[in-house]
Amino acid sequence: MENNNASKHQYFYSVGLSYKKADAAIRGKFSLDALAKTNLLQQAKREGIESLVVVSTCNRTEIYGFSEHPFQLIKLICENSLGSVEEFQKVGFVYKNQEAINHMFRVGTGLDSQILGDFEIISQLKNGFAESRSFGLINTFLDRLVNAVIQASKKIKNETEISSGATSVSFASVQYIIKNVANIGDKNILLFGTGKIGRNTCENLVKHTKNEQITLINRTKDKAEKLAGKLNLVVKDYSELHLELQKADVVVVATGAKNPTIDKAILNLKKPLLILDLSIPKNVNEDVQEIEGVTLIHMDHLSQMTDETLEKRKSHIPAAEAIIEEIKEEFVAWTNARKFAPTINALKDKLNDIKKSELNFQSKKIANFNEEQAEIISARIIQKITTHFANHLKEENTLVDESIVWIEKVFHLEASAK
């Protein structure tokens, strides 16, 4: 799918990596924080890339955009993360044109999520879109596509039950705690990190455990206090982390740190401790498992859990896919119309030139020639001819690119249509 606003040889790509082939450690290497995303967009601008959207979550890092070759986009990811091109080649993916469009629809509607029906990804896509727009990196095509995906996501959420039950890692983590910790309402729970996953987890903990002994710690204390104020929870300083860890029965870690913030050395335990690490990159060192009584669960383990709710949601996949197809067809029809519109306009101009020349010739040759009537009739004929061509190009089985080439060749429109 060529970019009509840019070079003739730029195509629409989706490049990146996700939980499907990349484990948490590799995803951590390729994750992009806010500063890295900004640097990536600035670099894209310098390198002449005209339109792209970046998404980086705990489950995936992806770019959707236009380039002459997908390596230009892969290079942006690698140069702004800790991942290498060699690592990307092992676990990454590249989709082009229609496949890239299909992929964005499945990602944005939760069908490609690690937990089926997780709709948190659509907000990430919206945020990436808004940031790219602020840099002037959104063309008409990507604007229309992202909005079509948002429309599909909203319709699927409203018209199917694919998002019923545990639809996110944060909810799944709370379900895991409830199932595996006896008398959870009486246990000390420590939440370290109050980003989006941390906030969602905290809200779910309060709602589903009825626990009033939840403590929040965040590097930026005012963010924790803001959340605690809404939920009537306790906030402690970051400097007290090591003390609160000793009191806790359950620790949920959801920070955005680049390196582990909790390891064996910081723990001095005399009782069992369940630690859930919901961070990418991982923020809990694997060595904590060397301590007797410590259980470490990473988000990837939570995502692999299946339950009745998940099985029920699977039954709604066909309905969700039908909605995607409906909205995607509208988008593809729009892109095809946008693609062939210059050719149809050029054809109309060509036929009008022929009409003008012929009417001028006949008016001199035929006595009492009624030019007004001839103008009306010929204009209607031209409209019918161009409509026939447009309808042909709109048909589902039409090879649009080949048909455009044929029309331009027959009517010598190359110069006019470009």
Side-chain angles (χ1 to χ4, degrees), residues 1 12-22 27 51-65 93-133 138 141-172 196-197 200 280 299 302-307 309-335:
M1 191 153 295
F12 182 60
Y13 290 102
S14 172
V15 306
L17 65 154
S18 73
Y19 68 93
K20 289 185 175 180
K21 288 182 71 176
R27 297 202 307 276
S51 185
L52 83 167
V53 170
V54 183
V55 173
S56 186
T57 72
C58 53
N59 287 328
R60 66 185 72 246
T61 294
E62 302 181 5
I63 290 181
Y64 305 92
F93 61 78
V94 174
Y95 298 120
K96 181 180 178 182
N97 293 340
Q98 191 58 52
E99 284 189 346
I101 292 170
N102 295 344
H103 181 66
M104 185 191 276
F105 268 99
R106 293 191 71 83
V107 169
T109 56
L111 294 189
D112 198 69
S113 295
Q114 197 167 23
I115 293 182
L116 177 65
D118 184 347
F119 278 91
E120 289 183 10
I121 184 64
I122 196 64
S123 63
Q124 299 282 352
L125 185 60
K126 287 178 182 177
N127 292 340
F129 175 76
E131 189 168 9
S132 289
R133 171 167 271 173
I138 297 293
F141 175 95
L142 205 48
D143 189 330
R144 184 90 175 208
L145 175 57
V146 171
N147 279 290
V149 172
I150 292 169
Q151 181 188 352
S153 174
K154 187 175 181 180
K155 194 169 183 181
I156 288 170
K157 193 168 187 179
N158 291 337
E159 297 183 13
T160 77
E161 294 181 31
I162 203 165
S163 61
S164 63
T167 59
S168 66
V169 169
S170 56
F171 192 103
K196 184 164 186 179
I197 288 181
N200 290 345
I280 291 289
M299 63 187 309
L302 296 170
S303 302
Q304 290 161 7
M305 292 167 54
T306 58
D307 56 21
T309 304
L310 181 58
E311 291 305 313
K312 184 180 177 183
R313 289 204 301 274
K314 285 181 180 178
S315 68
H316 296 282
I317 291 176
E321 289 178 334
I323 290 170
I324 289 174
E325 285 306 311
E326 175 192 342
I327 294 174
K328 192 167 64 179
E329 279 179 17
E330 293 173 4
F331 175 76
V332 171
W334 173 81
T335 58

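- Residues that satisfy the ring pair (Phe, Tyr, Trp, His ring centres under 6.0 Å) test with F93, not counting sequence neighbours, are Y95, H103.
- For the 3.5 Å distance criterion, the side chains of Q98 and N102 qualify, holding a donor opposite an acceptor.
- Using a 4.5 Å cut-off on side-chain heavy atoms (C-beta onward), T61 and V55 make no contact.
- Summarising the geometry of C58 relative to I197, their closest heavy-atom pair is SG-CD1, 3.9 Å, with the distance given to 0.1 Å.
- Going from atom OG1 of T57 over to atom OH of Y19 covers 10.5 Å, rounded to the nearest 0.5 Å.
- Among residues two or more places apart in sequence or in another chain, the salt bridge (Lys or Arg N to Asp or Glu O under 4.0 Å) test is passed with E321 by R106.
- Taking the side chain as every heavy atom from C-beta outward, K20 and D112 approach each other to under 4.5 Å.
- Distance CG/L145 to OG/S51: 9.5 Å, rounded to 0.5 Å.
- Considering every non-hydrogen atom in both R27 and R60, the closest pair reads CD-N, 4.4 Å.
- I162 has its side chain out of reach of T109: every pair of non-hydrogen atoms, C-beta onward, lies at least 4.5 Å apart.
- Of all heavy-atom pairs spanning I156 and T160, the tightest one is O-OG1, 2.7 Å.
- Centroid-to-centroid, the aromatic rings of Y13 and Y64 stay 6.0 Å apart or farther.
- Side chains of S18 and N59 form no contact here, defined as non-hydrogen atoms less than 4.5 Å apart.
- Using a 4.5 Å cut-off on side-chain heavy atoms (C-beta onward), F105 and I327 make contact.
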Go through the steps for R144 and W334 under the test side-chain contact (heavy atoms from CB on, under 4.5 Å), then give the verdict. CA-CA 9 Å; R144 184 90 175 208; W334 173 81; 3.3 Å; yes
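- Residues V107 and M104 have side chains not in contact (no heavy-atom distance under 4.5 Å, counting atoms from C-beta outward).
- Summarising the geometry, atom OG belonging to S56 is positioned 12.0 Å from atom CG belonging to N127; distances are rounded to the nearest 0.5 Å.
- With values rounded to the nearest 0.5 angstrom, I150 atom CD1 is found 6.0 Å from L125 atom CG.
- With contacts defined as side-chain heavy-atom distances shorter than 4.5 Å, the pair E120/N200 qualifies.
- Distance OG/S132 to CG/D143: 11.5 Å, rounded to 0.5 Å.
- Here the closest heavy-atom approach between residue S14 and residue A100 is recorded as N-CB, 3.6 Å.
- Between V53 and I138 the shortest side-chain heavy-atom distance falls below 4.5 Å.
- Atom CD1 of I121 is separated from atom CG of L111 by 12.5 Å, given to the nearest 0.5 angstrom.
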Evaluate the criterion salt bridge (Lys or Arg N to Asp or Glu O under 4.0 Å) for residue pair E325 and K328; output intermediate values, then yes/no. CA-CA 5 Å; E325 285 306 311; K328 192 167 64 179; 2.8 Å; yes
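- Considering all non-hydrogen atoms of both residues, L142 and F129 come closest at O-CE1, 4.2 Å.
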